[in-house]
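Take a look at the structure below.
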Amino acid sequence: MPDRAPQPVDRQMPTEESRDLIALVRDIVQREIAPRAAEEEDAGHFPREVFALLSEAGLLGLPYDSAVGGGDQPYEVYLQVLEELAAARLTVGLGASVHTLACHGLAGFGTKEQRAEHLPAMLGGGLLGGYCLSEPASGSDAASLRTKAVRDGDDWIITGTKAWITHGGVADFYTVMARTGVEGPRGITAFLVPGDAEGLTAAVPEKKMGMKGSPTAQLHFDGVRVPDSRRIGEEGQGFTIALSALDSGRLGIAACAIGVAQAALDEAVAYAGERRQFGRPIADFQGLRFMLADMATQIEAGRALYLAAARLRDAGKPFSRQAAMAKLFCTDAAMKVTTDAVQVLGGYGYTSDFPAERYMREAKVLQIVEGTNQIQRMVIARHLAGPESR
């Protein structure tokens, strides 16, 4: 049989430094992530040691300022790193994206003193973050959250429950949105809460369809005391901070989706070249060739879409609409591509002996997290036609 091992994605990186960075990521992927991904996902093993390695290599703070421990990389570069990580194991790629999301509030809205005190450890000191916005009764309707923070002298007392928290129970810090004032978005404030704060406990992790190695859990805040020095931004600014973070985070989800789709395509192409029926490789049959062509086209289109949005962000231009489009298109494409990959493998695609079924299970969650794809359509439509009539 000819050698049909998947070739690395041909990336047009903007600088020599970024090309070296992708080479570093690929080396870590090949040595430390990909060889154990299937086994560890099946066992539900959370790869904390991999995140420690990524932090040591400077890969958990790429889009942030080097003055506070970041990597000074544009989003165009950072997202392609996420794609490479997610193609090897979504638990790692999505985990890196969530960590970046958890750092966004402090990096963008914290005081100079707060950034100097906390960000070096958060970005490159081996710490791992979580992001606490959703609650059991407020998912898409995040502005209705009920977790409260009450002022007590120089402290705040946080009480409530957060839900669907990636890294819940294992993160070293959480960016937490809590209600400090009136109902609605104007009464929400952001806080940086240590993972070991007294009164903060995690429920048993959810039993999920995919990403079994990534703990997702409810967090219970039972009178958690946080000093005002850990309040991020102004009182009542929390919802603005949350939306700003989610615009960037959606690009991370889009990149992760394309990584999973690329891995599924690579698996399908390799299998189709090796599997023989009727005396020849099934890759010779036009019906299957057209499937592979459509899969590859969706991946290229998704990659171009998220990179175009990233370049807008890097240029300081509005990118919220494009971020929603990228998240919508890339995650829908990932669901379609991974489903088609299972079909290419036939009965084998439905077994855990091959990774195609894992890619399909993992792709589904990407249509849900950080704003369902129905919410993305609402965001896009509001940019086009204005707010809905009340």
Side-chain angles (χ1 to χ4, degrees), residues 28 32-33 36-61 69 82 85-86 88-106 118-136 147 158 160-178 190-222 224 226 230 245 249 252-253 256 358 362 365-366 368-370:
I28 291 174
E32 305 293 341
I33 302 176
R36 300 191 293 272
E39 179 183 356
E40 291 188 353
E41 279 299 317
D42 188 53
H45 172 72
F46 176 61
R48 184 60 195 254
E49 68 285 355
V50 170
F51 287 103
L53 175 62
L54 295 179
S55 180
E56 183 180 351
L59 298 177
L60 290 187
L82 283 188
L85 294 174
R89 186 177 179 187
L90 183 58
T91 285
V92 176
L94 186 66
S97 180
V98 168
H99 175 81
T100 302
L101 182 72
C103 296
H104 179 94
L106 190 65
H118 299 294
L119 280 178
M122 291 165 60
L123 299 178
L127 302 185
L128 189 65
Y131 184 77
C132 298
L133 178 61
S134 294
E135 297 182 3
T147 295
I158 302 177
T161 297
K162 292 295 181 178
W164 308 111
I165 307 305
T166 300
H167 304 153
V170 301
D172 300 295
F173 66 91
Y174 300 96
T175 294
V176 179
M177 306 300 164
F191 299 91
L192 181 67
V193 179
D196 60 355
E198 185 176 355
L200 174 58
T201 58
V204 175
E206 307 288 351
K207 296 180 179 179
K208 307 193 299 292
M209 179 191 300
M211 288 190 67
K212 297 180 180 180
S214 176
T216 304
Q218 288 192 358
L219 290 180
H220 303 299
F221 295 78
D222 185 11
V224 175
V226 178
R230 281 182 169 264
I253 300 301
C256 286
R358 171 164 62 89
E362 291 178 341
V365 77
L366 300 175
I368 299 171
V369 296
E370 295 191 29

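The figures here come from the full heavy-atom set of this structure, side chains too, leaving out hydrogens, waters and symmetry mates.
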Got a donor-acceptor contact below 3.5 angstrom from the [X] side chain to the [Y] backbone?
X: Lys162; Y: Leu133; value: yes
X: His167; Y: Gly129; value: yes
X: Arg230; Y: Phe191; value: no
X: Thr100; Y: Ala96; value: yes
X: Glu41; Y: Lys212; value: yes
X: Ser214; Y: Thr91; value: no
X: Asp222; Y: Gly199; value: no

(request) Could you go through the side-chain contact (heavy atoms from CB on, under 4.5 Å) check for Arg89 and Arg36 one step at a time? (result) CA-CA 9 Å; Arg89 186 177 179 187; Arg36 300 191 293 272; 6.0 Å; no
(request) Would you indicate whether Glu39, at its atom CD, is surrounded by more than 12 heavy atoms from other residues, nucleotides or ligands within a distance under 6.0 Å? (result)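 For Glu39, atom CD is not crowded (no more than 12 foreign heavy atoms under 6.0 Å).
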Rounded at 0.5 Å granularity, tell me how far [atom1] in [X] sits from [atom2] in [Y].
X: Trp164; Y: Ser134; atom1: CH2; atom2: OG; value: 9.5 Å
X: Ile33; Y: Leu54; atom1: CD1; atom2: CG; value: 5.5 Å
X: Lys208; Y: Thr216; atom1: NZ; atom2: OG1; value: 3.5 Å
X: His99; Y: Leu128; atom1: NE2; atom2: CG; value: 6.5 Å
X: Leu53; Y: Ile28; atom1: CG; atom2: CD1; value: 4.5 Å
X: Ser97; Y: Ile253; atom1: OG; atom2: CD1; value: 4.5 Å

If you look at every heavy atom in [X] and [Y], which pair is closest and at what distance?
X: Tyr174; Y: Ile165; value: CE2-CG2, 4.1 Å
X: Met177; Y: Thr147; value: O-CB, 4.4 Å
X: Thr161; Y: Pro136; value: O-CD, 3.6 Å
X: Val170; Y: Pro215; value: CG2-CG, 3.8 Å
X: Gly130; Y: Ala171; value: N-CB, 3.8 Å
X: Val224; Y: Leu200; value: CG2-N, 3.7 Å

(message) Walk me through whether Leu106 and Thr175 qualify under side-chain contact (heavy atoms from CB on, under 4.5 Å).
(response) CA-CA 8 Å; Leu106 190 65; Thr175 294; over 6 Å; no
